[in-house]
Number of protein chains: 2
Amino acid sequence: MNLSALFNLTYGIYVISSKRGNKFNACIVNSVFQVTAENPTIAISVAKNNLTHEFITESKVFTISILKKDTPLPFIGKFGFKSGRNIDKFNDTKYDLGITGVPFLRENSITYIEAEVINSTDVGTHTIFIGKIIECENLCKNEPLTYSYYHKVKGGKSSKNAPTFAQQSAENIIIKEKKEDLKMKYVCDICGYVYDFNIGDDIHGIKSNTEFKDLPDDWKCPICGVGKKQFTKLNKIGG
Amino acid sequence: MNLSALFNLTYGIYVISSKRGNKFNACIVNSVFQVTAENPTIAISVAKNNLTHEFITESKVFTISILKKDTPLPFIGKFGFKSGRNIDKFNDTKYDLGITGVPFLRENSITYIEAEVINSTDVGTHTIFIGKIIECENLCKNEPLTYSYYHKVKGGKSSKNAPTFAQQSAENIIIKEKKEDLKMKYVCDICGYVYDFNIGDDIHGIKSNTEFKDLPDDWKCPICGVGKKQFTKLNKIGG
């Protein structure tokens, strides 16, 4: 059994939102498919330890925002690698409210779908929610972000709650980077972001040619927000 | 509500196979996702009126063959637009048997996944089967066929059992073809294949510059196999 074969399945990248009273939360999933054409329904798979899972279970409503191809990695990081238990993900996010009062994204999203849960299936670490679609609209013309593009072109990684998490490893990163200069690269153990001496970190105003050791002590991963201690020097792993 | 917004969901194209005793059958689906990483499980959605649905319900086993990017349309047509009630789809198909005795494709497939049903959810016209993955391997190196590529580049259509069927219509075909010469094009009402005077039909040895009316009376759609009466002249629809 070669679990990396499962990488050949095709996925998109979606932000699933829900609510608890006046509080909103959202997370990233790659597992969404339409189930029926008549009385259209949609299935999503959400990890049980996501706060969004609690919100959907209680409110029975959710929205799906389909991310656009050129969505910045830190935006994906906010929804995919940070927990709503620690931050308010909608505090600095443009959104509108759907019919049910659940938010949908107004930035980096090309389409939103709103659904009411009519059924759910317990699958161990995850639940598949079946939703009756009550609204769906396109927000702008753009191509959708696919998981393949996110993974291969943008260098994005799966969060620990993603079903595809097990197939990725530090090894994959090393293989990809082998032919390049590894000496000045550090990889985030949590989300796989690579800090590159030759590039710096635009988001935090770090210029190129800044060595990792010279980054401020309070510097954080621009994608998932963990500190410098969570980074590993690539040439150490690669040998 | 704009149901065509659902076209922005990302899908692959898969052949789902199952068995009843010594008889095999298979159909095309676009709805497959991995559900859990630990004890890996996979979800598929299959229309109830597919023969494959009967076979999976009875045998509780299925395989998923991930089609390669350049899979010929007639191959997709055999599995997606013809019924195992009328033909033996494996008669002229290269395949091997998995651990459970269910076939998986040995042509046009890059990966196979074999699973045992551990749960299922009734969703009206379709059933979502949850399978425990018991085997998965890559068969060759190639890119997977995505629904987007099948639809936009190859001009493929959804079968009437596909959840995405409702969003496509003759109108879409007309819009796409508007700027071209429609006069010598006929569209199959069943699968959307377009017979083009300028191209002919390689599969049946019909040379270019053969008018539709001059095709043999027993000529059949190279994708779904229906006769000439099921074709509509495009310029008549387009006005």
Side-chain angles (χ1 to χ4, degrees), chain A residues 1-14 30-43 45 47 64 66 110-113 118-126 128 130 133-139 142-148 158 160-167, chain B residues 1-14 30-43 45 47 64 66 110-113 118-126 128 130 133-139 142-148 158 160-167:
Chain A
M1 186 142 82
N2 169 17
L3 285 174
S4 71
L6 299 173
F7 269 139
N8 283 326
L9 293 166
T10 298
Y11 297 101
I13 307 255
Y14 312 101
N30 56 15
S31 305
V32 173
F33 60 57
Q34 188 182 347
V35 187
T36 55
E38 298 164 35
N39 306 314
T41 52
I42 200 144
S45 177
I64 301 162
I66 303 181
I110 59 173
T111 297
Y112 86 97
I113 300 161
I118 55 170
N119 205 339
S120 65
T121 303
D122 186 324
V123 197
T125 54
H126 289 63
I128 297 177
I130 315 292
I133 297 175
I134 56 170
E135 187 59 279
C136 57
E137 289 296 341
N138 287 321
L139 303 172
N142 202 308
E143 278 186 73
L145 177 63
T146 65
Y147 184 75
S148 168
S158 297
K160 65 184 189 321
N161 289 337
T164 41
F165 179 71
Q167 289 100 268
Chain B
M1 184 142 82
N2 169 17
L3 285 174
S4 71
L6 299 173
F7 269 139
N8 283 326
L9 293 167
T10 298
Y11 297 101
I13 307 257
Y14 311 102
N30 56 15
S31 306
V32 173
F33 60 57
Q34 189 181 348
V35 187
T36 55
E38 297 163 36
N39 306 314
T41 53
I42 200 145
S45 176
I64 301 163
I66 303 181
I110 59 173
T111 297
Y112 86 97
I113 301 161
I118 56 169
N119 205 339
S120 65
T121 303
D122 186 325
V123 198
T125 54
H126 290 64
I128 296 177
I130 315 292
I133 297 174
I134 57 170
E135 187 60 278
C136 58
E137 288 297 342
N138 287 321
L139 303 171
N142 203 310
E143 278 187 74
L145 177 62
T146 64
Y147 184 75
S148 168
S158 297
K160 65 183 190 321
N161 289 337
T164 42
F165 178 71
Q167 290 99 270

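Order of the sequence lines fixes the chain letters, A, B, ..., with proteins taken first and strands second; residue numbering starts at 1 for each chain.
Closest heavy-atom contact between B/Met1 and A/Glu135: CA-OE1, 3.0 Å. Of all heavy-atom pairs spanning B/Asn138 and A/Asn8, the tightest one is OD1-ND2, 3.1 Å.
For the set A/Ala43, A/Ala47, A/Cys136, A/Pro40, the entry with the most heavy-atom pairs within less than 4.5 Å of chain B is A/Cys136. Per-residue heavy-atom pair counts under 4.5 Å with chain A were compared for B/Gly124, B/Ser45, B/Ser31, and the maximum is reached by B/Ser31. Counting heavy-atom pairs under 4.5 Å between each of A/Ile134, A/Leu9, A/Thr125 and chain B puts A/Leu9 at the top. Between chain B and the residues A/Ile113, A/Val32, A/Val35, A/Ile13, the most heavy-atom pairs under 4.5 angstrom are made by A/Val35.
Taking CD1 from A/Ile128 and CD1 from B/Ile128, the interatomic distance works out to 6.0 Å, rounded to the nearest 0.5 Å. Taking CD of B/Gln34 as the reference point, atom CG of A/Leu3 lies at 7.5 Å (rounded to 0.5 Å). Separation of atoms CZ (A/Phe7) and OG1 (B/Thr111) is listed at 12.0 Å; rounding is to 0.5 Å.
Other residues, nucleotides and ligands contribute more than 12 heavy atoms inside 6.0 Å of the CG atom of B/Asn2.
In this structure, chain A has a heavy atom under 4.5 Å from the side chain of B/Asn119, while its backbone stays farther away. Contact annotation for B/Asp122: only backbone heavy atoms (N, CA, C, O) come within less than 4.5 Å of a heavy atom of chain A. Looking at A/Leu139, there are no atoms closer than 4.5 Å to chain B (heavy atoms on both sides), in backbone or side chain. Looking at B/Tyr14, the atoms closer than 4.5 Å to chain A (heavy atoms on both sides) all sit in the side chain, from C-beta outward. For B/Ile118, no part sits under 4.5 Å from any heavy atom of chain A, backbone or side chain. With a 4.5 Å cut-off on non-hydrogen atoms, A/Thr41 touches chain B through its side chain but not through its backbone.
Less than 6.0 angstrom separates the ring centroid of B/Phe33 from the ring centroid of A/Phe33.
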